[in-house]
Student: 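One structure, pasted below without further comment.
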Amino acid sequence: MKKLRRYVLYFLLGAVLLLGGAVAGVWLGQDRIIALFVQEVNQYLRTPVKVGKMEVSLLDQFPRVSITLTNVVVSGSLPQDTVPLARVRRLYCAFDAWDLWRGHYRIRAVTLADGQVYVGHDQQGRPNYEVIRYDTTAAPTDKPLAFGLENIRLSRIHTTYHDQLRGQRYTLQVKDARAQLDVNDMLVDIETRGDTHIEAIQLGPDAYFRNKDLALSTKLRVDRTARLVTIQPSELKVGAAAYNVAGTIRYAQDTNLDLKLDGRNTDAQSVLALLPARVVRRLSAYRSHGDVYFGGTVRGTLSGPANPRLDFRFGCRDASFYHPDYKQAVEHVFLTGTFSNGSLKSARTSQLELRDVRGTLHGKPFSGSLRYANFQNPDLALTLQADFDVARVLQFYPLAAVPSGSGTAQLQVSFAGNLREFQASPATAKVQSAGVLALRGVQLRFRDVAQPFTNLNGSFQLRRNDVAINSFSGRVGNSDFRMGGTLRNALGWLLVPRQQLLVEASLDSRLLDLNQLLSLKQSAGSGGAGPVGSASQGYAFRLAPTLALDVQARVQRVRFRRFRGQELRGTFRLRNQVLSAQALSVAAAGGRASFRGTLDARQPNLLHLSSSASCQQLPLDSLFYVFENFGQQFITNRHLRGTLTASAESDVYFTKALDPLTDKLEAEVKLTVRNGELNNFMPLQKLSMIAGRERLRHLRFAQLTTPVYIQSRTVYLPEMEIRSNVRAASLIRVSGTHTFDQQMDYHLSIPILPGLLSKVTPAGSTGPSLLLAIRGDEDNFSVTYDRARTQVAGPAAGNPAPARRPGLLDGLLNPATAAPAAPNRPASSAEPRKPFELKKPEKKAAQPQTGEYFEF
């Protein structure tokens, strides 16, 4: 036991002495080793190298001794380079500790840690990495320090390869890779293993292998004399999938490739990883089970103007594809696919083909084929047959615009033709297309539409570029429809941006509920629908610029707020966001109305409705009730009786939320009221000086005809005559204004009781009148003598009576007429003065009036 302890003590003492000797040797020989290293490196390098610090360490690469370089910057070989070839935080060049005793140092291993490497070619194809000067005149044993590399290790090295001539850029992060070298004169055998993260392989506009982890296991032989790299069977792993690569790369002048690639244990993810992000963006989350295979060859010259020949095959046998979030799978999928860049090795001769495609989705079969040729000027040939459940399809392949759906559909479609020619002119392109889509009990909810589409049934038949509609019916909320006709340019509208769709159809409906249909939401960012009539109602209106209509409508019932219409008939035409209706008629409120006009929606927030409307024999009380008393409470449906016949010309402006811009409203209305009644009208109750309250409570008049003008938020009422049942006020003249702010300024002229001045009043003259003014708002108004007005004695305007001396009562009621007339002035020379002249205010800038409601 004592001998064992003694031996252990001797061993430890020897190790300490050996380590101390090594440390002392390193410390004493450090300057000589660094000087030899710098001398040797300068013989191999053509470009400057900057080193922050250089030292010899026994611990950095223990058990080997290393020459450690800190903050190393290696310049590229191109004179215009601004980006260094390499920038490394740590560079270790290691040799054996035994070399310290021999005095001959052989760099056996090199380690690069924490750095960036930028390798590339400029636009003339010149490389930036020709920094090594090969020296074959002296054998390695002739030099005190030489490179005899056996191992190279890269750790956390970000590498970029950029070929400006070919438009290629590769970026990757080498996490930890080791290479073993066996150098035999000009032959170098390299075996590499390691883990790498590929950020992207950019080829032109497309990026491949984006953000993929790659495990390498490669064997290469580099013949520096023949400039030939031979890749022995090597393996690249992407996830569980493995790709075997073998072949040769000759780089004597142009790069010549002869490679073979075969995939093992591949799935949908590993195959999609080979494709550009723009192609697989919507498919990247899908997974697969079953036999998915991939393989191909790369042969030919890779240079500035030339590409190698690519021939790949791929497919699956009894595979299933599914999305992990939606729990839906396409099962029993078979397909055979090929890709080739053709005889010219270019996009013009490239072709992608899918053959014998078949499978099932939730038990519903589908099949088809695809050929996509000439990527520069594509020709497409497509066939597809499918029976599908709408809900299952939307779960397997979600569409943002269609959050949910149900029902069944059958689809058969074929297309063959040149895509670029079709995009340039869908109507005249020489394409062959046909197909049928049949819907059975389909329900769809659209993202931008408030009401769901339910019970959709019918069929659509594709005929070249148009689609024929056969008995298409369904519901939108409470509204129903049945239509037939043609969708002109339907295929172009679906496949080509900004193409116009023309709907030529006849529409029949039992009910159109405009309360729901005008609540269609357009987008979450549209600002929402503003109030129309009340804050609780929200509406939105927009006409798509690519939609055109020629629709004949027949609707049994129409519903909007209090409006209830029947037998709506008319034709709607839409072009360039201008909707027009000709000879539109509807029965409502006990009468019938007709309408024609245009709605210009080219400015989304300034909708312009220009219209002409007329009605016959509409009950006044029903009309006021339906239109909610036109937004005021001064004269309501409770006050009025009679029938209205009217015509109106108007220009009305709205916001996209259907808020009226009242400052811009202009209208002219010609109306006739027959058998009218004005009941329980408060201002008349204040005229008890001319008749009893009971008689004024039920004022009746046989006929009233007058124009009405609307402008600058004001209703103008020219002077009109009302012949009533009140004997004391059998003829009343009324004129005035009523603003949208409910400010009233009415003027009444009531003749003095008949017979009171019959001896002094000529026959046919109305005689003196009582002039009254009604001013204020709905809740606070007054009826007073209108002292500001003057009345010209005589008959009605247009038939002036001969001049006469004013009477006493005239002077009392009309002080302005008490002054004596000018002497010797002929009556014919006097210009008749209007009893009341309306002065319209100046127009203001149009602005939406928040919370305000006014309708004509």
Student: Okay, side chain of S369, backbone of R355: is any donor-acceptor separation there less than 3.5 Å?
Tutor: no
Student: Could you please spell out the steps behind the side-chain contact (heavy atoms from CB on, under 4.5 Å) verdict for D195 and D176?
Tutor: CA-CA 6 Å; D195 296 323; D176 189 7; 5.7 Å; no
Student: Could you check E235 against K237 for salt bridge (charged side-chain N to carboxylate O under 4.0 Å, His left out), going step by step and ending with a plain yes or no?
Tutor: CA-CA 6 Å; E235 185 178 75; K237 297 189 67 176; 5.1 Å; no
Student: Is it the case that the side chains of Q385 and S367 hold a donor-acceptor pair, with the cut-off being a distance below 3.5 Å and no angle test?
Tutor: yes
Student: Apply side-chain hydrogen bond (donor to acceptor under 3.5 Å, both in side chains) to N377 and N418, showing your working.
Tutor: CA-CA 7 Å; N377 187 18; N418 184 272; 3.3 Å; yes
Student: With side chains defined as the heavy atoms from C-beta onward, is the minimum distance between L370 and L380 less than 4.5 Å?
Tutor: yes
Student: Are the side chains of D318 and F334 in contact, using a 4.5 Å heavy-atom criterion?
Tutor: yes
Student: CG of L187 to OG1 of T225: how many Å apart, nearest 0.5 Å?
Tutor: 7.0 Å
Student: Check this for me, if you would: do D213 and K175 make a salt bridge, where the nitrogen-to-carboxylate-oxygen distance has to be below 4.0 angstrom?
Tutor: yes
Student: Starting at CG of N151, measure out to CD of E191 and round the result to the nearest 0.5 Å.
Tutor: 10.5 Å
Student: How about S217 and R193: does a side-chain donor come under 3.5 Å of a side-chain acceptor?
Tutor: yes
Student: Report yes if some heavy atom in the side chain of R156 is under 4.5 Å from a heavy atom in the side chain of Q173; otherwise report no.
Tutor: yes
Student: What do you reckon, is CZ of R87 surrounded by more than 12 foreign heavy atoms closer than 6.0 Å?
Tutor: no
Student: Should the heavy atoms of other residues, nucleotides or ligands under 6.0 Å from CZ of R348 be counted, would the total exceed 12?
Tutor: no
Student: Any idea which heavy atoms bring S346 and S350 closest together, and the distance?
Tutor: O-OG, 2.7 Å
Student: Check whether any side-chain heavy atom of I190 sits under 4.5 Å from a side-chain heavy atom of V222, and report yes or no.
Tutor: yes
Student: Evaluate the side-chain proximity of P308 to R299: yes if any heavy-atom separation is below 4.5 Å, no if none is.
Tutor: no
Student: Mind running side-chain contact (heavy atoms from CB on, under 4.5 Å) on L419 and D379 for me, showing each step along the way?
Tutor: CA-CA 6 Å; L419 289 183; D379 288 319; over 6 Å; no
Student: What is the distance from atom OG1 of T383 to atom CG of L354, rounded to the nearest 0.5 Å?
Tutor: 10.5 Å
Student: Looking at CG of L220 and CD of Q232, how far apart are the two atoms once the value is rounded to the nearest 0.5 Å?
Tutor: 8.0 Å
Student: Would you check if the distance from the ring center of F422 to the ring center of F415 is below 6.0 Å?
Tutor: yes
Student: Should V72 and V49 be marked as a side-chain contact (heavy atoms from CB on, under 4.5 Å) after you check the CA-CA gap, both sets of side-chain angles, and the distance that decides it?
Tutor: CA-CA 7 Å; V72 180; V49 177; 3.9 Å; yes
Student: Kindly state each residue pair satisfying ring-ring contact (aromatic ring centres under 6.0 Å, His included) with at least one member in residues 164-187, sequence neighbours excluded.
Tutor: Y161-Y170
Student: Looking at D262 and R313, is any side-chain nitrogen of the basic one under 4.0 Å from a carboxylate oxygen of the acidic one?
Tutor: yes
Student: Taking atom CD as the centre, does Q412 end up with more than 12 heavy-atom neighbours from other residues, nucleotides or ligands that are less than 6.0 angstrom away?
Tutor: no
Student: Tell me which one of T160, T171, L172 satisfies side-chain contact (heavy atoms from CB on, under 4.5 Å) with E199.
Tutor: T171
Student: How long is the gap from CG on D163 to CD on Q123, to the nearest 0.5 Å?
Tutor: 10.5 Å
Student: Over all heavy atoms of both residues, which pair between T248 and L228 is shortest? Give the atoms and the distance, please.
Tutor: CB-CD1, 4.0 Å
Student: SG of C316 to OH of Y293: how many Å apart, nearest 0.5 Å?
Tutor: 7.5 Å
Student: Set out, in order, the CA-CA distance, both residues' side-chain angles and the distance that settles side-chain contact (heavy atoms from CB on, under 4.5 Å) for V393 and L361, then state yes or no.
Tutor: CA-CA 8 Å; V393 170; L361 176 59; 3.6 Å; yes
Student: In this structure, are over 12 heavy atoms from other groups packed under 6.0 Å from R126 atom CZ?
Tutor: yes
Student: Keeping to residues at least two apart or across chains, list the side chain to side chain donor-acceptor pair (under 3.5 Å) pairs with something in residues 70-79.
Tutor: T70-R90
Student: Might you point out which heavy atoms bring S343 and T349 nearest each other, and give the distance in Å?
Tutor: N-OG1, 3.9 Å
Student: Could you check whether any side-chain heavy atom of V402 comes within less than 4.5 Å of a side-chain heavy atom of L394, counting everything from C-beta outward?
Tutor: yes
Student: Closest heavy-atom contact between A386 and F366?
Tutor: CB-CB, 3.8 Å
Student: For N465 and A429, indicate whether the former's side chain and the latter's backbone hold a donor-acceptor pair under 3.5 Å.
Tutor: no
Student: Within the side chain of R153, is there an N or O that forms a donor-acceptor pair under 3.5 Å with the backbone of A113?
Tutor: no
Student: Measure from the side-chain N and O atoms of D291 to the backbone N and O of R317, and report whether any donor-acceptor pair falls under 3.5 Å.
Tutor: no
Student: Do T218 and L236 make a side-chain contact, defined as non-hydrogen atoms from C-beta onward lying under 4.5 Å apart?
Tutor: yes
Student: Flag the pair L257 / T255 as yes when at least one side-chain heavy-atom distance between them is below 4.5 Å, and no otherwise.
Tutor: yes
Student: Tell me the closest heavy-atom pair linking N341 and L310, and the distance in Å.
Tutor: OD1-N, 2.9 Å
Student: Looking at every non-hydrogen atom in both residues, tell me the closest pair between D223 and A226 and how far apart they are.
Tutor: OD1-N, 3.2 Å
